[in-house]
Amino acid sequence: MAKALTYNPFEDDLTMRNYLALYACIVNPKLSYNRTLAIFEINSEVKSKNLLRKSRMGYKVKITDIHTKEILICEDSIEIQELIGINQRAVSIYIKHGYLYNKRYCLEKIE
């Protein structure tokens, strides 16, 4: 749902959208609550705010693809997540222990 230039109670009120998502779950039990939140675009706004807050790691990460010998340098965890599909929390674990992600990607911390 696009944001309106003026206040629109249906599109701008998150509480109303939550109630509509709950109503959709009651009417159609096959829908999950997360799916209805995605339909009404409630969850995406909250996630985007949280991702912007947690994206900086404070250091750069060098990603080496073992199969193609390609080297990429990333500055934040969102960029790493988009490139190789790794979970944001798992990045530090793979760096700390030196494990390969999907038996292909080596992650190293750059100071």
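By the 6.0 Å contact criterion, CZ on R35 is open, its count of non-hydrogen atoms from other residues, nucleotides or ligands being 12 or less.
Criterion: ILVMFWY side-chain heavy atoms under 4.5 Å apart, direct or through other members. Under it, Y59 and I84 are part of a common hydrophobic cluster.
When all heavy atoms of K103 and H67 are compared, the closest pair comes out as O-NE2, 3.7 Å. Closest heavy-atom contact between I63 and C74: CD1-SG, 3.7 Å.
The distance from atom OG of S92 to atom NZ of K109, rounded to the nearest 0.5 Å, is 10.0 Å. Interatomic distance, OG of S77 versus CD of E82, reported as 10.0 Å (0.5 Å rounding). Put simply, OH on Y23 and OG1 on T36 are 13.5 Å apart, with the number rounded to the nearest 0.5 Å. Rounded to the nearest 0.5 Å, atoms CD1 (I95) and CG (L107) are 5.5 Å apart.
No donor-acceptor pair under 3.5 Å is formed between the side chain of Y99 and the backbone N or O of C106. Judged by distance alone, with hydrogens and angles left aside, the side-chain atoms of D76 form a donor-acceptor pair with the main-chain N or O of E79 at under 3.5 Å. Side chain of N102 to backbone of R104: no donor-acceptor contact under 3.5 angstrom is found.
When the options I80, I86, V91 are evaluated for a side chain to side chain contact (heavy atoms under 4.5 Å, CB included) with Y101, the one that passes is I86.
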List the steps and the verdict of side chain to side chain contact (heavy atoms under 4.5 Å, CB included) for D65 and Y105. CA-CA 5 Å; D65 188 350; Y105 299 105; 4.0 Å; yes
Start with the C-alpha gap between L72 and L83, add the side-chain angles, then the distance that decides, and say whether side chain to side chain contact (heavy atoms under 4.5 Å, CB included) holds. CA-CA 9 Å; L72 301 169; L83 287 174; 4.0 Å; yes
Taking it one step at a time, do I73 and V61 satisfy side chain to side chain contact (heavy atoms under 4.5 Å, CB included)? CA-CA 6 Å; I73 297 177; V61 175; over 6 Å; no
